[in-house]
Amino acid sequence: MANFGLQYRKNFGLLITFLVLVTVLFVTSAFFARTMTTNFVETEFNNKKVEVFDEFIKPFNEFFTTKVPEISYYQGYIDSAQGAEFSNTVLRRYPFVDNVNFFDIVFTNRDELGKGLRFNNLGISSRNSYNFKLDKDNRFIAVHQSSDDYKNHAEDFNNVMIKLAGFLDRVSDSTRLTDNDIYKVFYTLQPGKISYLNIPRMSDIMAYKTMMRFADLPKSDYEQDLFVFAIEPRKMTITNKYPNLYEGITIKPVVDQYVVKNAAYLHTELALPGALSDYKLQFEASREFIQSDINRRFFPVMIALSVIYLILLMVGYLVYRNVMINSRLYQLQYDFINNLTHEFKTPVSVIKIAGNNIKSAEKISDTERHMYGRILDQEADKLNALMNKLLSFAQIENKSIKFNGEYIELEEFCQHIFDASHLKYPDLQLSYEIDVKNEMYADPVLLTSVFQNLIDNAYKYAAPDRKILDIRVQQNKKNFVILFKDQGIGIDRKEYNSIFKKFYRVKNQFNQQGSIGLGLAFCKEITEFMGGEIKVDSQLNVGTVFTLTFPVEVKKA
C-alpha cells in the first residue's frame with residue numbers, strides 16, 4: 001500500500017500561544033494584585049487612624065461629658081474638703097489631668113468685694129482658691145493659693161465671669177438653657193485647660209441679672225464653684241489597634257513640623273480637639289514595616305493565582321498529552337490498516353494467481369491440482385485465522401464473548417499444540433516440561449489462541465539459527481504457571497508497558513512486513529478475561545520470557 005505521508009495534524013502553535021497567554025495573564029494578575037494590595041494597605045494606613053483616634057480620645061470624652069458635669073450636682077455648695085475629694089478622684093482616674101484649681105466663688109450685691117470683678121451692681125469674687133495635684137510619688141497635695149497665686153490664675157477666673165456677665169445681659173424670663181448655652185457660657189476651653197463653672201438654677205441666674213441691674217435691692221450672697229483643669233495630652237494612653245499598620249504612634253506638639261528624614265517612611269497626622277488642640281497624633285511606619293503587612297495580605301492572593309495558573313498549566317499539559325496520544329493512536333491505526341491490508345493482500349493475491357492459473361490452464365495434472373488446492377487451502381486458513389483474531393479481539397473489548405470453561409488435562413492439551421507447531425515450524429527447536437497435579441479450568445479455544453500467538457512470536461522474532469523455545473507448565477499451591485522462554489531478539493525494558501497495547505509494534509528488522517500489532521494485546525485480553533495474568537521479562541539479544549499465571553481454584557460463573 002502506497003504511503004502518501006498522511007499525518008495527524010498537531011497545532012502546537014495554538015498550544016504554545018495558550019501557554020504564553022496564560023503565563024502573561026498570571027504575571028499581569030500578580031503585578032496588579034501586588035499593586036492593589038499595596039494601595040489598599042497604604043489607604044488603610046491613612047484611614048484607620050480615625051479608629052485609633054476614637055479609642056485614644058474616649059477617656060477624655062468621658063471626663064469632659066460625664067465627670068466634669070458632676071460639679072453642678074452640688075449647686076455651688078462645694079467646700080474645700082469636697083473640692084479636694086472630687087479633685088483627688090479626677091487626678092487618679094484621668095492621668096492626663098495634670099492639676100486642678102478650685103475657686104469658691106460668691107455672687108453678691110454688697111459693696112465690699114474681695115478678689116474679683118464687678119459688673120454694675122453685681123460683684124463676683126473668690127473667697128478661697130486651692131490647687132490640687134499628685135506629686136511624683138503619687139501622693140495627693142492640696143495647696144491654698146495666696147494672693148500672688150491667685151494673680152497667676154486670675155485670667156481663668158476673669159474669662160469665665162466675663163462670659164457669664166455677657167449671658168446675664170441678654171437672658172430673660174423666657175430663656176431656657178440649651179446645651180449650646182451651657183457649652184458657651186459655663187465651659188471655657190483653651191489649649192491645655194478646661195474651665196467649668198457649675199450651672200446654677202434658672203432662678204439664680206435671674207437673681208444675678210436683677211442684682212446687676214438694680215442697686216436698691218436687699219443685700220444677698222450666692223455661692224458658685226469654678227474648677228480649672230490643667231490638661232497634659234502627652235499623659236494620655238495610646239492604644240495601637242493596628243500594630244500591623246503603625247510602627248509608632250506618638251503625641252507631638254502641633255508646632256513640631258514633621259520632617260521626613262528618610263523617604264522610606266510613611267507618616268500621617270491627626271489634630272486633637274479643644275483643650276488638646278496644641279497637640280496632634282502622629283502615625284508613622286517604615287516601608288520595610290509596611291512591606292511585611294503587604295506581603296502577609298498578598299500571600300494568599302498569590303497562592304490563589306498560583307493554583308489557578310497551575311490548573312491552567314495542567315489543562316495545557318492534558319491537551320498536549322491528548323494531542324500526543326491521539327497522534328500515536330492515529331499512527332498506530334494507520335499502521336494497523338496498512339499492515340492489515342498487507343496481511344489480506346498477500347493471501348488474496350496468491351489465491352487470485354492460483355485461480356487465474358487454474359482458469360487459464362487447458363489441462364491440469366493431478367500434481368498441479370493438488371498443489372493449487374493446497375495453496376488455496378493454506379491461504380484461506382490464513383485469512384480465516386486473521387478474521388477470527390480480529391473478531392475475537394473485538395468481542396473481548398465489547399465484552400460480548402462467552403467463556404466456555406471446562407477442565408483441561410494440560411499434558412494432553414499441550415501435546416496437541418506442540419505437535420501442530422512442529423508441523424507449522426519444522427525448524428523450531430521446541431522443548432517442554434509439564435509438571436502439574438490438577439486439571440486446569442479454562443476455555444480451551446481461547447487458551448489455544450494464547451499458546452499459538454506466543455509460539456508464533458518466538459519463531460518470528462528470532463534469528464534463523466536461534467529459533468529455540470522452551471515451555472514449562474508448572475503448578476504451586478495457588479496457581480498454574482506457564483513459562484515461554486525463547487532466545488530471540490529480546491525487548492527493551494522501556495517497551496514493557498507498550499507491547500501489550502493494541503496496534504503497538506516493536507520496531508526491528510523482523511517486523512517490517514506484516515504485523516497488525518494485536519498479538520500480545522490479544523494474549524493479555526484473553527488471559528485476563530480467563531482470570532489470569534501475563535508478565536514479560538526480557539534482555540536484548542538474549543531472549544524473552546513470558547509468564548502466564550492462572551489460579552488453581554476458580555469461581556465458576
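Here the structure is a predicted model, which means the values were calculated and not measured.
Under the 4.5 Å side-chain criterion, counting only non-hydrogen atoms from C-beta, Phe40 is not in contact with Thr37. Residues Asp79 and Asp104 have side chains not in contact (no heavy-atom distance under 4.5 Å, counting atoms from C-beta outward). With contacts defined as side-chain heavy-atom distances shorter than 4.5 Å, the pair Met211/Asn120 does not qualify. The closest side-chain heavy-atom distance from Glu55 to Ile238 is not below 4.5 Å. In this structure the side chain of Leu168 reaches within 4.5 angstrom of the side chain of Ile205, judged on heavy atoms. At least one side-chain heavy atom of His144 sits less than 4.5 Å from a side-chain heavy atom of Asn128. Looking only at side-chain heavy atoms (C-beta outward), Phe56 and Ile251 come within less than 4.5 Å of each other. With a 4.5 Å cut-off on side-chain heavy atoms, Ser220 and Asn109 count as touching.
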Notebook entry, point to check: Checking side chain to side chain contact (heavy atoms under 4.5 Å, CB included) for the pair Lys193/Ile231: CA distance, chi angles, key distance, verdict?
Noted result: CA-CA 5 Å; Lys193 194 177 294 184; Ile231 306 299; over 6 Å; no

Item checked: side chain to side chain contact (heavy atoms under 4.5 Å, CB included) between Phe299 and Ile294, intermediate numbers included -> CA-CA 8 Å; Phe299 181 74; Ile294 294 173; over 6 Å; no

Next item on the list: Evaluate the criterion side chain to side chain donor-acceptor pair (under 3.5 Å) for residue pair Thr178 and Asp181; output intermediate values, then yes/no.
Entry: CA-CA 5 Å; Thr178 64; Asp181 291 331; 3.1 Å; yes

Next item on the list: Just do the salt bridge (Lys or Arg N to Asp or Glu O under 4.0 Å) check on Arg297 and Glu44 with the steps written out, would you?
Entry: CA-CA 12 Å; Arg297 296 171 187 250; Glu44 276 202 333; 2.7 Å; yes

Next item on the list: Starting from the C-alpha separation in whole Å, work towards a yes-or-no answer on side chain to side chain contact (heavy atoms under 4.5 Å, CB included) for Ile124 and Phe157.
Entry: CA-CA 10 Å; Ile124 306 174; Phe157 177 86; 3.9 Å; yes

Next item on the list: Apply side chain to side chain contact (heavy atoms under 4.5 Å, CB included) to Lys49 and Tyr242, showing your working.
Entry: CA-CA 9 Å; Lys49 63 184 179 182; Tyr242 299 97; over 6 Å; no

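Residues satisfying the side-chain hydrogen bond (donor to acceptor under 3.5 Å, both in side chains) criterion with Asn131, sequence neighbours excluded, are Asn99, Asn101.
Taking the six-membered ring where tryptophan is involved, the planes of Phe60 and Phe64 are essentially parallel, since the angle between them stays under 30° and well short of 60°. Ring-plane geometry between Phe229 and Phe63 is classed as perpendicular, the angle between the planes exceeding 60 degrees on a 0 to 90 degree scale with a lower cut at 30.
Minimum heavy-atom separation, Leu276 to Pro233: CD2-CG, 3.7 Å. Shown here for Leu197 and Met161, the closest heavy-atom pair between the two residues is CD1-CE, 4.2 Å. Minimum heavy-atom separation, Ile491 to Val536: CD1-CG2, 4.3 Å. Closest approach of Ser538 and Gly490 over heavy atoms only: OG-CA, 3.2 Å. Here the shortest heavy-atom pairing between Leu177 and Pro200 reads CD1-O, 4.5 Å. Residues Ser80 and Phe132 come closest through the heavy atom pair O-CZ, 4.1 Å.
Around the CE atom of Met36, the shell of radius 6.0 Å holds no more than 12 heavy atoms that belong to other residues, nucleotides or ligands. Dense packing is recorded around CZ of Arg296, with more than 12 heavy atoms of other residues, nucleotides or ligands lying under 6.0 Å away. Atom NZ of Lys219 has more than 12 heavy atoms from other residues, nucleotides or ligands within 6.0 Å. The 12-atom threshold is exceeded at CD of Glu51, counting heavy atoms of other residues, nucleotides or ligands nearer than 6.0 Å. The local environment of CG in Asp135 is crowded, with over 12 non-hydrogen atoms from other residues, nucleotides or ligands closer than 6.0 Å. Within 6.0 Å of CZ on Arg213 lie no more than 12 heavy atoms contributed by other residues, nucleotides or ligands.
Aromatic rings of Phe102 and Phe86 (six-membered ring for Trp) have centroids beyond the 6.0 Å cut-off, not under it. For Tyr222 and Phe107, the gap between ring centers reaches or exceeds 6.0 Å.
Looking at Asn46, its side chain does come within 3.5 Å of a backbone N or O of Glu42 through a donor-acceptor pair. Of the possible polar contacts, one joining the Ser29 side chain to the Leu25 backbone as a donor-acceptor pair under 3.5 Å is found. Using a distance-only test at 3.5 Å, with no hydrogens or angles considered, no donor-acceptor pair links the side chain of Arg118 to the main chain of Ser125.
Considering CG of Asn244 and CZ of Phe289, their distance stands at 7.0 Å, rounded to 0.5 Å. A distance of 4.0 Å separates OG1 of Thr108 from CG of Asp221, quoted to the nearest 0.5 Å. Taking OH of Tyr246 as the start and CD of Gln282 as the end, the distance is 13.0 Å to the nearest 0.5 Å. Between the CD1 atom of Ile311 and the CG atom of Leu318 there is a distance of 11.5 Å, given to the nearest 0.5 Å. Interatomic distance, Asp492 CG to Gln539 CD, rounded to the nearest 0.5 Å: 11.5 Å. A distance of 11.5 Å separates OG of Ser72 from CZ of Arg201, quoted to the nearest 0.5 Å.
Salt bridge annotation for Arg287-Glu247: absent, with no cationic side-chain nitrogen under 4.0 angstrom from a carboxylate oxygen. A salt bridge links Glu528 with Lys524; the closest basic N to acidic carboxylate O contact falls under 4.0 Å. Using a 4.0 Å cut-off between charged nitrogen and carboxylate oxygen, Lys133 and Asp98 do not count as a salt-bridge pair. Of the charged side-chain nitrogens involved, none lies within less than 4.0 Å of a carboxylate oxygen, so that Lys252 and Glu269 do not count as a salt-bridged pair. For the pair Lys235 and Glu232, the salt-bridge criterion is not met [side-chain N within less than 4.0 Å of a carboxylate O].
Looking at Tyr309 and Thr23, their side chains do bring a donor and an acceptor atom within 3.5 Å of each other. A donor and an acceptor atom, one from each side chain of Ser87 and Tyr130, are nowhere located under 3.5 Å apart. Counting only N and O atoms by type, the side chains of Gln224 and Tyr77 include no donor and acceptor under 3.5 Å apart. In this model, no donor atom of one side chain and acceptor atom of the other lie less than 3.5 Å apart for Asn39 and Arg34. Side chain to side chain, Ser172 and Thr175 meet the donor-acceptor criterion of an N or O pair below 3.5 Å. For the 3.5 Å distance criterion, the side chains of Ser195 and Thr188 fail to qualify, holding no donor opposite an acceptor.
Each of Asp156, Val68, Asn198, Ile78 was evaluated against Phe227; a single residue qualifies, Ile78, per the side-chain contact (heavy atoms from CB on, under 4.5 Å) test.
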